[in-house]
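First the structure, in the form of structure tokens, and then the observations on it.
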Amino acid sequence: MAFQSPKGTYDILPGSPFLAVRDGLLAPSVRAGYAYVEAPVFEDTELFSRGVGASTDVVTKEMFTFPERGLTLRPEGTAGVVRAVVEHGLQRGQLPVKLRYAGPMFRAERPQAGRFRQFQQVGIEALGVTDPALDAEVVALAADAFTGLGLTGVRLLLTSLGDPACRPAYREELGAFLAGLDLDDATRARAALNPLRVLDDKRPEVQALLVDAPLMVDRLCPQCTAHHEGVLEGLAALGVAFEPAPRLVRGLDYYMRTTFEFVHDGLGAQSAVGGGGRYDGLSEAIGGPPLPGIGWALGIERTVLALEAEGVSVAPEAGPAVFVVPLGAAAKAWAVAFVGALRTAGVATDLAYGDRGLKGAMKAADRSGARWAVVVGDRDLEADVAQLKDLTSGEQTAVPLSELLEQLL
RNA sequence: GUGGGUGUAGCUCAGCUGGUAGAGCACCGGGUUGUGAUCCCGGUUGUCGCGGGUUCGAGCCCCGUCACUCACCCCA
């Protein structure tokens, strides 16, 4: 074969659960009033370096950038949505602004199980208010997204990352603590860049050194504490279970206060199926007005992996309800017109194309999943009837052509 | 960017100490001059990833290369 899809990309082919999973993940948010938006797939590079954080891995080594144009394929969805909100002044209307989106994201990473260079996410954002009850709603909608698809093994990790009032002091305290540890050079460099990120190091020997590390949740300012407690109350009211995750750190710099991640243990090394949090400073970081916000993004590919791991099947796309099998030239001409009429009337219909034998055509009818087969030969047309066969029971009756359409509605 | 694994039919794979390719599924046709999902019979599909080397002979051994894959890192 001459070409193949580029590294880290894949084709969605017939039979894929992609559409059902994408729409299923967003269904609870639709019911909660989150309106659909779609921002461009590429934006000014600076939107991401300023929004996501210039020191993050996502920005420093994973972006697909067109330097000569100053544009970058979006590595995540939030920055673009917030940019669109600010650009169009949506925050001047009724608050909160509740939005949902879906689409491809791009990161130039080495592919791996559940990790692609072009991957698909769905997401929601709620902007304009800091009410902790809204945080709880947002988190609950992600939890519902997974359970609504039939998943039972998704765990919610949740914490508070503090805010500009309390995080700088904590960050300094943690930095001082880390400076007293015997760490390798790479980890030390990370500590200098963002000490918080050292906390979720996977290596057991590093975790052992961190048992006595100070935790953000113990250093929250009164406002952050009150907000966090409000979120926990809201989650309790909504019946959403979670695991406190005081060491949870996310790779995007804009998160503050409520921060969470959804993980699944059946995916291989990449266990996160979704994540999000509050990003009250993001709008200002990209030159907008003060505009608090909270949101999440869920990975479609990883959700599919989770469904496979749990053995949960997703309903495939519906096929035709009626399959028409013509025998002979006159019948073929009649069938083409009849299929058109059925479709116009709103009935999903397909036709045996290609002049194959009756046996092959019936096989095609069976595979289409249609409930009804309409078999018409020239001798039926002479009698003004068609054979209507119930493919479930196998029963077949001759129906006058004048009554056929009505019977199939 | 760094490591490990794997490349044989559309898919999943077998192929003995080197002797010039196979199964299942899928697909197509027939068994039934007008009836599917079962059953029976038959058939199509391969530069054995690519290049070089060793050998009388390479799918198998050696070298290189590319691709895929898993993991580190990071994240959805």
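Each chain gets a letter, A, B and so on, in the order the sequences are listed, and its residues count up from 1.
- Residue-level contact check: A:Lys7 touches the backbone only, with heavy atoms under 4.0 Å from sugar-phosphate atoms and none from bases.
- Comparing B:G52 with B:C60, their P atoms are spaced 14 Å from each other, to the whole Å.
- Atom CG of A:Leu388 and atom P of B:G36 are 17 Å apart (whole Å).
- Using N1 to N3 plus N6-O4 or O6-N4 for Watson-Crick, or N1-O2 and O6-N3 for G-U wobble, each under 3.5 Å, B:U65 pairs with B:G49.
- No hydrogens or angles were tested; on distance alone, a donor-acceptor pair under 3.5 Å links the side chain of A:Glu109 to the base of B:A76.
- Side-chain atoms of A:Thr72 and A:Glu43 form no donor-acceptor pair, as typed in the model, at a separation below 3.5 Å.
- For A:Lys359 against B:G31, a side-chain N or O and a base N or O form a donor-acceptor pair under 3.5 Å.
- Protein atom CD of A:Gln4 is 15 Å distant from nucleotide atom P of B:G10, rounded to whole Å.
- With C1' as the reference atom, B:C74 and B:G15 are 41 Å apart, rounded to whole Å.
- When heavy atoms are screened at a 4.0 angstrom cut-off, A:Leu298 is found touching no nucleic acid atom at all.
- Among the nucleotides B:U35, B:C70, B:A37, the one closest to any side-chain atom of A:Asp366 is B:A37.
- The number of heavy atoms from other shown groups lying within 6.0 Å of CD (A:Glu172) does not exceed 12.
- Between the side chains of A:His227 and A:Asp135, at least one donor N or O lies within less than 3.5 Å of an accepting N or O.
- When the P atom is used for both B:U45 and B:G51, the distance is 22 Å, rounded to whole Å.
- Checking side-chain atoms of A:Asp144 against main-chain N and O of A:Thr147 turns up no donor-acceptor pair under 3.5 Å.
- With B:C72, B:U35, B:A76 as the choices, the nucleotide that has an atom nearest any side-chain atom of A:Gln387 turns out to be B:U35.
- Rounded to whole Å, the separation between the C1' atoms of B:G46 and B:U12 comes to 16 Å.
- Side-chain atoms of A:Arg371 and A:Thr392 include a donor-acceptor pair closer than 3.5 Å.
- In this entry the distance linking CG of A:Asp11 with P of B:C68 reads 13 Å, nearest Å.
- Using a 4.0 Å heavy-atom distance criterion, A:Gln396 is classed as a base contact.
- Atom name C1', nucleotides B:C27 and B:C63: the rounded distance is 40 Å, in whole Å.
- When rounded to the nearest whole Å, the span between CZ of A:Phe323 and P of B:A37 equals 14 Å.
- Rounded to an integer number of Å, the gap from CG of A:Leu196 to P of B:C74 is 14 Å.
- Using a 4.0 Å heavy-atom criterion, one finds that A:Ala365 contacts no nucleic acid atom at all.
- Rounded to whole Å, the distance from CH2 on A:Trp372 to P on B:G36 is 18 Å.
- Of the candidate nucleotides B:A71, B:C73, B:C68, B:C73 has the atom nearest to the side chain of A:Arg115.
- For the P atoms, the distance linking B:U32 with B:U47 amounts to 38 Å, nearest Å.
- Side-chain polar atoms of A:Glu125 and A:Tyr34 form no donor-acceptor pair below 3.5 angstrom.
- In this structure, B:C13 and B:G22 make a Watson-Crick or G-U wobble pair, each of the two defining distances being under 3.5 angstrom.
- Of the candidate nucleotides B:G36, B:C27, B:G1, B:G1 has the atom nearest to the side chain of A:Arg110.
- Pair check for B:U33 finds none; no Watson-Crick or G-U wobble contact set falls under 3.5 Å.
- Side chain of A:Met362, nearest nucleotide from B:C73, B:U35, B:A76: B:U35.
- Comparing the P positions of B:G24 and B:G43 gives an interatomic distance of 12 Å, to the nearest angstrom.
- Judged purely by distance below 3.5 Å, without hydrogens or angles, the side chains of A:Gln387 and A:Thr397 never pair a donor atom with an acceptor atom.
- Counting atom types as modelled, A:Arg367 pairs no side-chain N or O with a base atom of B:G36 as donor and acceptor under 3.5 Å.
- Proximity of A:Lys61 to the phosphate of B:G1: no side-chain N or O atom is located under 4.0 Å from OP1 or OP2.
- With a cut-off of 3.5 Å on both Watson-Crick or G-U wobble distances, the partner of B:C72 is given as B:G1.
- For A:Tyr10 and A:Phe116, the ring centers are positioned less than 6.0 Å apart.
- Note: CD (A:Glu125) to P (B:A76) measures 12 Å, nearest angstrom.
- Using a 4.0 Å heavy-atom criterion, one finds that A:Phe262 contacts no nucleic acid atom at all.
- B:G57 is unpaired under the criterion used here, namely a Watson-Crick or G-U wobble arrangement in which both key atom distances are under 3.5 Å.
- Taking atom CG of A:Leu327 as the reference point, atom P of B:G34 lies 7 Å away to the nearest angstrom.
- In the set B:G36, B:U35, B:U69, B:G36 carries the atom at the smallest distance from any side-chain atom of A:Lys363.
- For B:C74, the base has no donor-acceptor partner in the side chain of A:Glu62 [N/O atoms by modelled type, under 3.5 angstrom].
- Nearest-nucleotide positions on RNA chain B place A:Lys389 closer to the 5' end than the other of A:Pro111 and A:Lys389.
- A:Val273 comes within 4.0 angstrom of sugar-phosphate atoms only, judged by non-hydrogen atoms across all strands, and of no base.
- Put simply, the side chain of A:Ser16 gets close to the backbone of A:Phe18: a donor and an acceptor are under 3.5 Å apart.
- Comparing B:G59 with B:U17, their C1' atoms sit 16 Å apart, to the nearest whole Å.
- For B:C28, the paired nucleotide is B:G42, the pair qualifying as Watson-Crick or G-U wobble because both relevant distances are below 3.5 Å.
- Residue A:Gln112 places at least one side-chain N or O closer than 4.0 Å to OP1 or OP2 of B:C72.
- Within the 4.0 angstrom heavy-atom criterion, base atoms lie near A:Gly114.
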